[in-house]
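Written below as structure tokens is the structure these notes are about.
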Amino acid sequence: MTRETAYAKINLALHLRRRRDDGYHELETLFAFVDAGDILTAKPAAQDRLATLGEFGGALTDPFGNIVMQALSALPRAQGLDITLEKNLPVAAGLGGGSADAGAIFRIVRELHGLPDDWRERAGRLGADVPACVESRTCIGRGTGTELEPADDSLAATPVLLVNPRIPLATGPVFKVWDGKDRGAMPEVDSRAIALEGRNDMEAPAISLVPEIAQVLAALRGTSPFLARMSGSGATCFALYDSNSARDEAAARIAADHSGWWHIKGNLR
């Protein structure tokens, strides 16, 4: 039995630069990963199979169209894999949950069978976040997010709290209401400074669609983090703290004051 965590992805900064002629968006982002997420287990089988469970497992209504199955289909192997996906991350939440699941599949196949030389291209065809999710390490993404550059570990082990108002928010509608203004490049500094000096250009359009995001951000900022921001296209927001105890106190406060919200705590990898 092989076990992998599909680490939750957050965008510490996300700068939208322009709409491209092919319909995609040119962007710059600082990817980071939390040491918590979905859990995948795999065992050899005659053919590929997928079973889903966990709090959000029921949200995956088409298991055969799931990105896990697409990732399995994208990778040549001598035998099938029977996958169990424990879905702990909300769907359509700005955490790259599906991409993280696909990244975990790539790691499982790498361990058991090895990956083809063109695995990065195969990952990119599954989704813009998938190549970053394969290694699940802090990195810079450019282009549509698939052009990756290494980033330093100045934020490694930073305590983080993720909060979602339990409202799904697809990426497409958020891009659609973005005003198209280029607000400038991501700074060329270390990861901590990029996070502090950067921004998420999808935050304002996402709030226009789901005003509860602003409530989540206000609640997180009320717990005295050194940074609180929305991740990806939302609706999940994150807060970074100077100590695990400060994060744990914040999580307890969020749970007490907003019992209907989903939250998870961890540390950046």
Please check if [X] and [Y] belong to a single hydrophobic cluster, counting links between Ile, Leu, Val, Met, Phe, Trp and Tyr side chain heavy atoms closer than 4.5 Å.
X: Leu162; Y: Phe226; result: yes
X: Val189; Y: Leu196; result: yes
X: Leu155; Y: Leu227; result: yes
X: Leu40; Y: Leu60; result: yes

Point to revise | Over-ring placement of Arg269 relative to Tyr7, 6.0 Å and 45° cut-offs | key: yes
Assess, by modelled atom type and distance only, whether the side chains of [X] and [Y] contain a donor and an acceptor separated by less than 3.5 Å.
X: Ser224; Y: Tyr241; answer: no
X: Asn11; Y: Arg229; answer: no
X: Thr236; Y: Asn164; answer: yes

Report yes if some heavy atom in the side chain of [X] is under 4.5 Å from a heavy atom in the side chain of [Y]; otherwise report no.
X: Cys133; Y: Ser99; answer: yes
X: Ile105; Y: Ile83; answer: yes
X: Phe33; Y: Arg137; answer: no

Point to revise | Full working for side chain to side chain contact (heavy atoms under 4.5 Å, CB included) between Asn267 and Val34 | key: CA-CA 6 Å; Asn267 296 78; Val34 183; over 6 Å; no
Over all atoms of both residues, closest heavy-atom pair of [X] and [Y]:
X: Pro159; Y: Ser243; answer: CG-C, 3.4 Å
X: Pro116; Y: Pro76; answer: CG-CD, 4.1 Å
X: Ala151; Y: Leu30; answer: CB-CD1, 4.1 Å
X: Ala132; Y: Cys139; answer: CB-SG, 4.0 Å
X: Ile108; Y: Ala42; answer: CG2-CB, 3.9 Å
X: Ala128; Y: Thr146; answer: O-CG2, 3.5 Å

Remaining members of the apolar cluster that contains [X], side-chain heavy atoms under 4.5 Å:
X: Leu53; value: none
X: Met202; value: Leu14, Leu16, Leu27, Ile167, Leu169, Val174, Phe175, Val177, Trp178, Ile207, Leu209, Val210, Ile213, Leu217, Met230
X: Ile39; value: none

Practice item. Could you please spell out the steps behind the side chain to side chain contact (heavy atoms under 4.5 Å, CB included) verdict for Cys237 and Val163? Key: CA-CA 5 Å; Cys237 302; Val163 180; 5.5 Å; no
Practice item. Step by step, work out the side chain to side chain contact (heavy atoms under 4.5 Å, CB included) result for Trp262 and Leu89. Key: CA-CA 9 Å; Trp262 171 88; Leu89 300 176; 4.0 Å; yes
Sequence neighbours left out, what passes salt bridge (charged side-chain N to carboxylate O under 4.0 Å, His left out) with [X]? Give chain and number order.
X: Asp152; value: none
X: Arg199; value: Asp201
X: Arg120; value: none
X: Asp182; value: Arg17

Review point. Phe31 pairs by side chain to side chain contact (heavy atoms under 4.5 Å, CB included) with which of Ile140, Leu148, Leu12, Thr138?
Key: Leu148
Practice item. Identify which one of Leu72, Val68, Asp82 satisfies the side chain to side chain contact (heavy atoms under 4.5 Å, CB included) criterion when paired with Asp48. Key: Leu72
Practice item. Check the pair Asp242 / Arg247 against salt bridge (charged side-chain N to carboxylate O under 4.0 Å, His left out), numbers first and verdict last. Key: CA-CA 8 Å; Asp242 289 316; Arg247 177 207 59 204; over 6 Å; no
Review point. Which residue pairs pass the ring-ring contact (aromatic ring centres under 6.0 Å, His included) test with at least one member in residues 89-148, sequence neighbours excluded?
Key: none
Review point. Are Arg192 and Glu197 within salt-bridge range, i.e. N to O under 4.0 Å?
Key: no
Exercise for review: Starting at CD of Glu4, measure out to CG of Asp101 and round the result to the nearest 0.5 Å.
Suggested key: 11.5 Å
With sequence neighbours excluded, what pairs up with [X] under the side chain to side chain contact (heavy atoms under 4.5 Å, CB included) test?
X: Asp248; answer: Lys265
X: Lys181; answer: Asp179, Arg183
X: Glu249; answer: none

Practice item. Given salt bridge (charged side-chain N to carboxylate O under 4.0 Å, His left out), test Arg110 with Glu135 step by step and report yes or no. Key: CA-CA 11 Å; Arg110 179 171 62 192; Glu135 298 299 344; 3.0 Å; yes
Practice item. Check the pair Arg142 / Glu149 against salt bridge (charged side-chain N to carboxylate O under 4.0 Å, His left out), numbers first and verdict last. Key: CA-CA 8 Å; Arg142 303 187 191 275; Glu149 304 170 10; 2.7 Å; yes
Practice item. Please test Val160 against Thr158 for side chain to side chain contact (heavy atoms under 4.5 Å, CB included), starting from the C-alpha separation and ending with a verdict. Key: CA-CA 6 Å; Val160 57; Thr158 297; 5.8 Å; no
Exercise for review: Using ring pair (Phe, Tyr, Trp, His ring centres under 6.0 Å) as the criterion, list what pairs up with His258, not counting sequence neighbours.
Suggested key: Trp261
Point to revise | Main-chain N/O of Val134 paired with Arg107 side-chain donor or acceptor, under 3.5 Å | key: yes
